[in-house]
Amino acid sequence: MATISRTRMYFTVLFLFIISSVTSISLPPELTDKIHTDPDAIKAASTDYGLIVSQKPAAVLYPSSVEDIRTLVNFSYSSPVVPYTVAAKGRAHSVRGQAQASEGVVVEMSSLNDFRNGTGIVISGSKSSGFYADVGGEQLWIDVLNTTLKQGLSPVSWTDYLYLSVGGTLSNAGVSGQTHRRGPQITNVLELDVLTGKGEMVSCSGKQNSELFYGVLGGLGQFGIITRARIVLEPAKNRVKWLRILYSDFAAFSADQENLIAATGPDQKLVPDYVEGQLLMNSISLDFYPASYRPKITSLINQFGIIYVIEVAKYYDDHQENRNNAAEKLLRNLKGFIPGFVFEADVTYLDFLNRVHSDELALRMRGLWDIYHPWLNLFIPQSGMVDFNNGVFRDILLKRNFTDSLVLVYPTFRNKWDERMSAVIPDEDVFYLVGFLDASVDNWQVLDNKNKEILQFCDKAGIKAKEYLPHYATKEAWINHFGPKWNTFQQRKTQFDPKMILSPGQNIFNDS
C-alpha cells in the first residue's frame, strides 16, 4: 500500500511539474488524463468561426462529466495565487474570440457528449402540463430537434443555424424569424443547472435562485457555465409553406414585415410562424428562385440597386385542410410587393429549420467555410430604420460596392423579451435585427472597417443601436452597451464569479 501511495504521489508531482512547465499554471492533478497541452488541442481552442482573434490557452480540458468541470473551476477559485481563467467552448461559432481563454483553460464541452450514454436530451411532460426537454449545455440544437421530432415535439424558438450548442445560444439570446411570435430562445427556458465561478453547482429557475437564472440567460457566460437547460416543447408540425416576396421600396417592405408580425385573429392561417428579410444586391445567391426568373430578378437589382425580400413561413400538418391556400392567406394583408414576384416552396419542417446546413456543406466543398467572418449584428429601433436604410443600405453598402454582403433585416417585439435577463435590446416596442454576415478569404479588415463605419453612422444619426453578439475593447464601452443594466450585471459578477474566472474572451471584466 505504501508503495502504491508513493507511486501515485510521484506521478501526481510529476504531472504538476510538467503542466506547470508547459503552461505556467497549476491545474488539478485528478484531471491528469483529461487535460491536453499538445499543439493540436491548443490550436483548436485558439480559434473560432471568425478567424480574426486567436488567443492561446495554457491547456484544454476534455471533460467526461460535469464534475470534471466543477473540479477545474473550483481548483482555480480556491487557489491562493492568481486564479487561471476558464472558457466553455461549444461550437466556437463566435467571431471575436469570445470562447477563448488566453493563458487559461478552455473546456471542450462537446467532450461531454461522448460520456452521456444517451442522457444528453431527455423529454418529459404531458399534454395537460406541457412538454419539455432537459438538455445538456453541450448538446447541439440539430440533435435536440431530431430527438424531439421522434416524439412529435419541437422547441418553439430557433436560430437560423442549428449546429450550435444549447449553452452557447442561451448565453447570448438565440434569435431568428420565430422571435416576433415566440420570443428568443432565452425566454423559452424553464430551468437551468449552472456551474458558477465559485465552483458551485446550482439549479435555478424564475422562482428558485432567480438572480442566477436571469443573469445567465443572455449573460455572455459571465456568471456560470450552463450544464443543463429545460427547454419548452410543443407538438411539431411536419410541413412548411415557405415564401419569398420581392420589394423595390424599403417603406413598403418594412410596413408589410410589420403587418405580418402583428397578424392576430381567429384565422391562424394569417399568423406566420416565421418572418425574416434580406437584401438582394447582386445575382449570386438566387438558388431559391426558379431559373426562368433569375434574369428578371437580376434586371430588377440593376434597376433599383437593392431588392428587399420578405421571407415568411407557415407550419402545417399533412392532414390539415385547405393547406394549399395558406400562401394566399398570408399574402392577404400585404400591399407593396412587386406583382408577380412571389415565390413559394413546400418543404418538411426539418428541412426548413435546417436550411442553412446545405449552404454550409456547399461552402465547405468549395473551401469557403473556414475563412474570415467579420460579422456585425445589430438591434435597430424602429424609429431609426428609415435613416438606417438611407445611410447604410443605400450609401455605405450600395454606393461603396459592398454588394456581396449577406444582410438580414427583420422586426420583432420588445414585449417578447424578459427585461430581467441580461440580454440588452433597444427601448422601443418594435425593433429590427440587422445582420451583416460577411465572409472573406483575405480582406476581412476592409469589411471590419465597413462595420465600424456603420456603427459611427448610427452614433452620428442618433440611432440608439445595440450590438447583438457584442464585442468591445474597453470596459467603458461595455458600460455604455448595458446602460441601466450595468449595475445589476456587475453585481451579479461579484456574486457569482468574484475572481473573474469565467469567459475572459468576452473582455468585459478581463481588460487586455
Side-chain angles (χ1 to χ4, degrees), residues 49 63 66 88-94 99 107-127 129-179 181-195 203-205 213 216-218 221 225-240 273-274 313 315 347-358 360-361:
Y49 183 65
V66 171
K89 172 178 171 279
R91 292 286 286 182
H93 205 70
S94 55
V107 180
E108 186 57 66
M109 296 293 288
S110 62
S111 177
L112 287 174
N113 207 29
D114 296 333
F115 301 91
R116 288 284 194 181
N117 297 319
T119 63
I121 304 169
V122 179
I123 299 170
S124 306
S126 65
K127 281 187 177 180
S129 63
F131 294 97
Y132 58 86
D134 285 307
V135 180
E138 79 288 347
Q139 298 293 312
L140 302 186
W141 283 104
I142 182 61
D143 295 325
V144 176
L145 176 60
N146 284 324
T147 301
T148 57
L149 283 180
K150 291 177 182 177
Q151 298 193 32
L153 300 168
S154 169
V156 300
S157 187
W158 298 98
T159 53
D160 288 329
Y161 180 58
L162 301 186
Y163 288 76
L164 304 174
S165 70
V166 169
T169 67
L170 295 182
S171 295
N172 289 282
V175 296
S176 183
Q178 300 87 4
T179 305
R181 188 172 183 187
R182 307 308 296 265
Q185 289 181 321
I186 54 175
T187 63
N188 293 283
V189 178
L190 302 174
E191 188 176 287
L192 296 170
D193 284 346
V194 176
L195 173 64
S203 293
C204 55
S205 67
F213 179 77
V216 165
L217 293 170
I225 298 171
I226 297 171
T227 61
R228 177 187 66 92
R230 180 165 289 181
I231 308 296
V232 174
L233 303 178
E234 69 176 5
K237 306 294 185 181
N238 54 27
R239 302 291 303 180
V240 176
D273 293 292
Y274 165 99
Y315 310 152
V347 297
T348 68
Y349 181 70
L350 174 60
D351 285 345
F352 174 74
L353 291 179
N354 197 30
R355 61 198 178 278
V356 177
H357 187 51
S358 59
E360 174 190 356
L361 295 177

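These numbers come from a predicted model, not from an experiment.
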(message) Using the side chain to side chain donor-acceptor pair (under 3.5 Å) criterion, which residues pair with W141? Sequence neighbours excluded.
(response) T169
(request) Taking the side chain as every heavy atom from C-beta outward, state whether P155 and V232 have any pair of such atoms under 4.5 Å apart. (result) no
(request) Find out whether L162 and L353 are in side-chain contact, i.e. whether some heavy atom of one side chain is under 4.5 Å from a heavy atom of the other. (result) yes
(request) Report yes if some heavy atom in the side chain of Q185 is under 4.5 Å from a heavy atom in the side chain of S157; otherwise report no. (result) yes
(request) Sort and list the pairs that fulfil salt bridge (Lys or Arg N to Asp or Glu O under 4.0 Å) and have at least one residue in residues 168-177, not counting sequence neighbours. (result) none
(request) Apply side chain to side chain donor-acceptor pair (under 3.5 Å) to N113 and Q139, showing your working. (result) CA-CA 7 Å; N113 207 29; Q139 298 293 312; 2.7 Å; yes
(request) Using a 4.5 Å cut-off on heavy atoms from C-beta on, say whether the side chain of V166 contacts that of I226. (result) no
(request) Drop me the distance from S94's OG to N172's CG, to the nearest 0.5 angstrom. (result) 9.0 Å
(request) Output all residues satisfying ring pair (Phe, Tyr, Trp, His ring centres under 6.0 Å) with F115, sequence neighbours left out; order by chain, then residue number. (result) none
(message) Please enumerate all residues that pass salt bridge (charged side-chain N to carboxylate O under 4.0 Å, His left out) together with E108, with sequence neighbours excluded.
(response) K89
(request) Measure the shortest side-chain to side-chain distance between V216 and L170 over non-hydrogen atoms and say whether it is less than 4.5 angstrom. (result) no
(message) So, using ring pair (Phe, Tyr, Trp, His ring centres under 6.0 Å) as the criterion, who are the partners of Y132 when residues are at least two apart?
(response) none
(message) Among residues at least two apart in sequence or on other chains, which ones pass salt bridge (charged side-chain N to carboxylate O under 4.0 Å, His left out) with D160?
(response) R355
(request) Name all residues meeting the ring pair (Phe, Tyr, Trp, His ring centres under 6.0 Å) criterion together with Y349; count only those two or more places apart in sequence or in a different chain, and write none if there are none. (result) Y315
(request) First locate atom CG of L192, then atom OG of S205, and finally report the distance between them rounded to the nearest 0.5 Å. (result) 8.5 Å
(request) Could you tell me which residues satisfy side chain to side chain donor-acceptor pair (under 3.5 Å) with T159, sequence neighbours excluded, listed by chain and number? (result) none
(request) Taking side chain to side chain donor-acceptor pair (under 3.5 Å) as the test, write out the residues that go with S126, two or more places apart. (result) S128, S129
(request) Output the distance between atom CG (D273) and atom NZ (K237), rounded to the nearest 0.5 Å. (result) 8.0 Å
(message) Within this structure, what is the CG-CD1 distance for the pair L195 and I225, rounded to the nearest 0.5 Å?
(response) 5.0 Å
(message) Tell me every residue that passes salt bridge (charged side-chain N to carboxylate O under 4.0 Å, His left out) with R182, counting only those two or more places apart in sequence or in another chain.
(response) E234
(request) Using a 4.5 Å cut-off on heavy atoms from C-beta on, say whether the side chain of V135 contacts that of R228. (result) no
(request) Evaluate the side-chain proximity of Y161 to E360: yes if any heavy-atom separation is below 4.5 Å, no if none is. (result) yes
(message) Nearest 0.5 angstrom please: N146 CG to N354 CG, how far?
(response) 7.5 Å
(request) Could you list the residues that satisfy salt bridge (charged side-chain N to carboxylate O under 4.0 Å, His left out) with R91, not counting sequence neighbours? (result) none
(message) Going by salt bridge (Lys or Arg N to Asp or Glu O under 4.0 Å), name the pairs with one or both residues in residues 145-155, residues two or more places apart or in two chains.
(response) none
(request) For residues V189 and I231, determine if any side-chain heavy atom of one lies less than 4.5 Å from a side-chain heavy atom of the other. (result) yes
(request) Look up atom OH in Y274 and atom CZ in R181, then write down how far apart they are to the nearest 0.5 Å. (result) 15.0 Å
(request) Quick one: sort the Y163 and H357 rings into parallel, tilted or perpendicular, breaks at 30° and 60°. (result) parallel
(message) Ignoring hydrogens, what is the shortest heavy-atom contact between F352 and A313? Give both atom names and the distance.
(response) CZ-CB, 3.7 Å
(message) Could you check whether any side-chain N or O of T147 sits under 3.5 Å from a backbone N or O of V144, counting only pairs where one atom can act as donor and the other as acceptor?
(response) no
